[in-house]
Amino acid sequence: MSDTATSPLANPLAARDHARAMAGTKVEAMPMLPPEADDLPEGVPADDLLWEETVAAGGYSSRRLPRGSRLRLIDLAGDACASLLIYNAEMPTERLNVADTVKVQWNAYLGEGKLLLSDMGRVLMSITDDSAGTHDAFCGTSNAATNEAKYGEGRNSGAYPNGRDRLLLGSSKHGLLRRDVHPCVNFFKGTTIEPDGTITPQIGPFEGGRQVVLRAEMDVIVVIANCPHVLDPRDTWSVSPLRLTAWRGATTALDDPIRLATPEGLRAFENVEDYYRR
């Protein structure tokens, strides 16, 4: 007879009692329900908290966030890699366009004051705070083939999950399909383009506690995977937990310095305002 058959949990009633006894158990990587963040920015009421979650190494998460809300990402131990997709929550065929994000702003490097633009010329989210400075808008994320080639295994259910399949799982929670998993940006792992076109990765690990704050300029769906960067030079599959916190906030004012920073950015904000004027 197998060990499974002799286990006390083979009895459905015993299994039920065991499962119920786990109620209230907290582990490092889990969403908090209701959110319990005790380190919200000064002046933010606890009632405005929307989302509090720690994403494990190799994990993923997704959430719909209202216009004006803020999303803070914290690299807790210095080795997280937050691969981010963004969709217009009302019309998910509009989504983050990494190429436009780079070329419209005449700048390939993400940081405070930069915009994350859609394929329809609107600002989906803006970066209001950045203490990391190492991000990537060039490389996208890993997939099953790249992980298998590097680590010997890359299945979604295996020991070394890949970023693309994790983003697919997060997107599917909102009715989206594999074809909807578009190129992402990576926060906390950076790349530099050398004069000869070589991509130099900035992988770390870094000091823990670095953070990025994003402001939702539209109602958005955000999907985040936390898997090693595709150019991570280490032989071992290495990544550390990522903390996510979101709270309600005011929509961007007409005199906001990020909105007014460049003519191109202003037009993208005006396109958002025109969209919500309907």
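Numbering of residues begins at 1 and proceeds along the displayed sequence.
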Are [Y] and [X] co-members of a hydrophobic cluster defined by side-chain heavy atoms under 4.5 Å apart?
X    : Y    : value
L167 : L124 : no
L85  : M91  : no
Y151 : V239 : yes

| Which ILVMFWY residues are connected to L169, directly or by a chain of links, through side-chain heavy atoms under 4.5 Å apart? | Y60

| request: With sequence neighbours excluded, give me every salt bridge (Lys or Arg N to Asp or Glu O under 4.0 Å) pair touching residues 183-211. | output: D75-R210, D79-K189

Should [X] and [Y] count as side-chain neighbours, where that means a heavy-atom distance under 4.5 Å?
X    : Y    : value
V213 : Q211 : yes
R259 : E273 : yes
H182 : L96  : yes
L71  : I224 : yes
T141 : N162 : no
F138 : V98  : no

| Of the non-hydrogen atoms in S240 and N226, which two are nearest, and what is the gap between them? | O-ND2, 2.9 Å

| remark: Applied to residues 105-114, the side chain to side chain donor-acceptor pair (under 3.5 Å) test, sequence neighbours excluded, yields W106-E264

| query | Using 30° and 60° as the class limits, which term best fits the ring planes of Y160 and W237: parallel, tilted or perpendicular? | reply | tilted

